[in-house]
Amino acid sequence: MSAESTPIPGKPGGKGRRRKPRSKGRKGLLVTAWVAAGIVVLGGTGAGYLYFKLNGNIKSVDIDQVLGSARPTKVDNGSENILVLGSDTRSGSNKKLGGGTDDGSARSDTAMVVHVYKGHKKATVVSIPRDTLIDRPECTDTDGKEHDAAKGVMFNSAYTTGGAACAVKTVESMTGIRMDHYLEVDFSGFEKLVDELGGVTVTTTKAIKDPDSHLDLKAGTHELTGAQALGLVRTRHGVGDGSDLGRIQLQQAFIKALVKQIKSVGVLSNPKKLYDLADTATKAVTTDSHLGSVNSLVSFASGLKGISPADMTMVTMPVQYDPANPNRVLVQQTKAKQIWTALENDRAVPKSATEGNATGQAKGVVTS
């Protein structure tokens, strides 16, 4: 599937340097809680059949029951923390999009902690690189199966090992912060959501060409289709240093463009557009049990709709390349602690925590 695009004329740019190639099919994708804004008014329309149909679309997991009480204390200061994962199961329609072998497994190659500040007027999004080497805690998955702890494993092994519950427990172990909610979206759902929105506009300051993610964009402004957007958030070899950190920088830029697009499409004045978006969104996401209904998503999304791209701070968990393996990264613990402490206390991330870290060298390649 090609993702070529004819851009609006713009200044061409060079290609980024590559690091050691990674396996094909790995990707990053994210549609955050703002996607749920498409269903905000449906609960009050009186369209009972449509309402219950949407309710039936939503998949949820009872993370609280599985994890029990051995978790960080919930901070009652008006803020909320949401773990957002992008999953890339190779089964079904995702196999065609993601490539690779249908081995029955799923991966979480994108993970972000979204901190919504008291008052719900601004948010900080912290990306956790999938290649980070961590000590994974023992955990129990939603089927009741227990999984042993493991040392020095990749962060995304938590989801592969024990699904959503183990991913949440791992993040809480790393951060010391309780996750109030969980949202997950997959390959095919991401592509359909972007298409349902009518595409997302981004500007690339350099040409991006990556056969692995089927992406071929010249420098300039593009109206990305779902397939092209998926290629953009998956690409790692076409820009920067070829690392997952560079891909994260593209993802963060795309999220801002996506939020901007959602706010501008005018779905609330178009009932069919609203329903189509809501139908696609509710099929695409898996949530924690507290968000597992249309009413809950309506309430949650209503609290987020005032956050604009300008109100979002995008950072990456501080890491450095592993001297023993340049394809892995290690947490810079002191700086990471600064970030998690700030969010726990509902404060802005200190600038000192974001300086001097490995970056991926793809910042500014994509803008909205």
Next on the checklist: Between E146 and T140, is the side chain to side chain donor-acceptor pair (under 3.5 Å) condition met? List the steps.
Outcome noted: CA-CA 4 Å; E146 296 181 356; T140 302; 4.7 Å; no

Next on the checklist: Between T124 and Y117, does the side chain to side chain donor-acceptor pair (under 3.5 Å) criterion hold? Intermediate values first, please.
Outcome noted: CA-CA 8 Å; T124 288; Y117 290 89; 2.9 Å; yes

Next on the checklist: Using a strict threshold of under 4.0 Å (side-chain N to carboxylate O), is an ion pair present between R236 and D131?
Outcome noted: yes

Next on the checklist: Can you list everything that forms a ring pair (Phe, Tyr, Trp, His ring centres under 6.0 Å) with H120? Sequence neighbours excluded, please.
Outcome noted: none

Item to check | Closest heavy-atom pair and its distance - R234, S213 | outcome: NH1-CA, 3.8 Å

Item to check | Heavy-atom pair of closest approach, residues P323 and L330 | outcome: CD-CD1, 4.1 Å

Next on the checklist: D135: which residues meet the salt bridge (charged side-chain N to carboxylate O under 4.0 Å, His left out) condition with it, sequence neighbours left out?
Outcome noted: K151

Next on the checklist: Under a 3.5 Å distance rule, please check whether T235 uses its side chain to pair with a backbone N or O of L232 as donor and acceptor.
Outcome noted: no

Checklist entry - Is it the case that more than 12 heavy atoms not belonging to E355 sit under 6.0 Å from its CD atom? => result yes

Checklist entry - Between T201 and A257, which heavy-atom pair has the shortest distance, and what is it? => result O-CB, 3.7 Å

Item to check | Closest contact, heavy atoms only, P318 versus A353 | outcome: CG-O, 3.3 Å

Checklist entry - Are any of the side-chain heavy atoms of V126 and T316 separated by less than 4.5 Å? => result no

Next on the checklist: So, taking the atom named CG in L343 and the one named CD1 in I177, what distance separates them when rounded to the nearest 0.5 Å?
Outcome noted: 5.0 Å

Next on the checklist: Could you measure the distance from the CE atom of M154 to the CZ atom of R328? Nearest 0.5 Å is fine.
Outcome noted: 4.5 Å

Next on the checklist: Has D244 got a side-chain atom pairing as donor or acceptor with R130's backbone, closer than 3.5 angstrom?
Outcome noted: yes

Item to check | Reported CZ-to-CD distance for the pair R347 and Q338, which is rounded to 0.5 angstrom | outcome: 10.0 Å

Checklist entry - If you look at every heavy atom in G364 and T205, which pair is closest and at what distance? => result O-OG1, 3.1 Å

Checklist entry - Do V319 and M317 have side-chain heavy atoms sitting under 4.5 Å apart? => result yes

Checklist entry - Taking C-beta and beyond as the side chain, do D64 and H290 meet within less than 4.5 Å on heavy atoms? => result yes

Item to check | Note, T287 side chain near S60 side chain (heavy atom, < 4.5 Å) | outcome: yes

Checklist entry - So do the side chains of T204 and K218 get within less than 4.5 Å of each other, counting heavy atoms only? => result no

Checklist entry - When you look at K192 and D195, which way does the salt bridge (charged side-chain N to carboxylate O under 4.0 Å, His left out) test go after all the steps? => result CA-CA 5 Å; K192 291 174 183 176; D195 283 336; over 6 Å; no

Checklist entry - Is there a donor-acceptor contact under 3.5 Å from the side chain of N325 to the main chain of D322? => result no

Checklist entry - Any sub-3.5 Å donor-acceptor pair from T341's side-chain atoms to K337's backbone N or O? => result yes

Checklist entry - Passes side chain to side chain donor-acceptor pair (under 3.5 Å), T73 versus R178? Steps please. => result CA-CA 6 Å; T73 302; R178 187 184 180 105; over 6 Å; no

Checklist entry - Where do K118 and N77 come nearest, in terms of heavy atoms and distance? => result CD-O, 3.4 Å

Checklist entry - Do D180 and K74 pass the salt bridge (charged side-chain N to carboxylate O under 4.0 Å, His left out) test, and can you show the C-alpha distance, the side-chain angles, and the key distance before you say yes or no? => result CA-CA 8 Å; D180 299 297; K74 181 176 174 61; 2.5 Å; yes

Checklist entry - What pairs meet the disulfide bond (SG atoms under 2.5 Å apart) rule with one or both residues in residues 210-248, with sequence neighbours excluded? => result none

Checklist entry - Does the pair S293 and S296 meet the rule for a side chain to side chain donor-acceptor pair (under 3.5 Å), with working shown? => result CA-CA 5 Å; S293 70; S296 297; 3.0 Å; yes

Item to check | Test item: S127 and M314 side chains (from C-beta on) under 4.5 Å apart, heavy atoms | outcome: no

Next on the checklist: To the nearest 0.5 Å, what is the distance between NZ on K59 and OG1 on T286?
Outcome noted: 4.5 Å

Next on the checklist: Do I248 and P129 make a side-chain contact, defined as non-hydrogen atoms from C-beta onward lying under 4.5 Å apart?
Outcome noted: yes

Checklist entry - What distance do H181 atom NE2 and I63 atom CD1 have between them, rounded to the nearest 0.5 Å? => result 11.0 Å

Checklist entry - Would a distance-only check, ignoring hydrogens and angles, find a side-chain to backbone donor-acceptor pair under 3.5 Å from T161 to A158? => result no

Checklist entry - Hey, which of V114, I82, L83 is the one that makes side-chain contact (heavy atoms from CB on, under 4.5 Å) with M179? => result L83

Checklist entry - So, does K256 use its side chain to make a donor-acceptor pair with the main chain of M312 at under 3.5 Å? => result yes

Checklist entry - How about N357 and Q332: do any of their side-chain heavy atoms sit closer than 4.5 Å? => result yes

Checklist entry - When you measure from the side chain of T280 to the backbone N and O of D276, does any donor-acceptor pair fall under 3.5 Å? => result yes

Item to check | Donor-acceptor under 3.5 Å (Q261 side chain, V200 main chain) | outcome: no

Item to check | Gap between atom CG of L230 and atom CG of L224 - 0.5 Å precision | outcome: 11.0 Å

Next on the checklist: Would you say CD of E138 has more than 12 non-hydrogen atoms from neighbouring residues, nucleotides or ligands within 6.0 angstrom?
Outcome noted: no

Checklist entry - For K145, does the NZ atom sit with more than 12 other heavy atoms under 6.0 Å from it, leaving out its own atoms? => result no

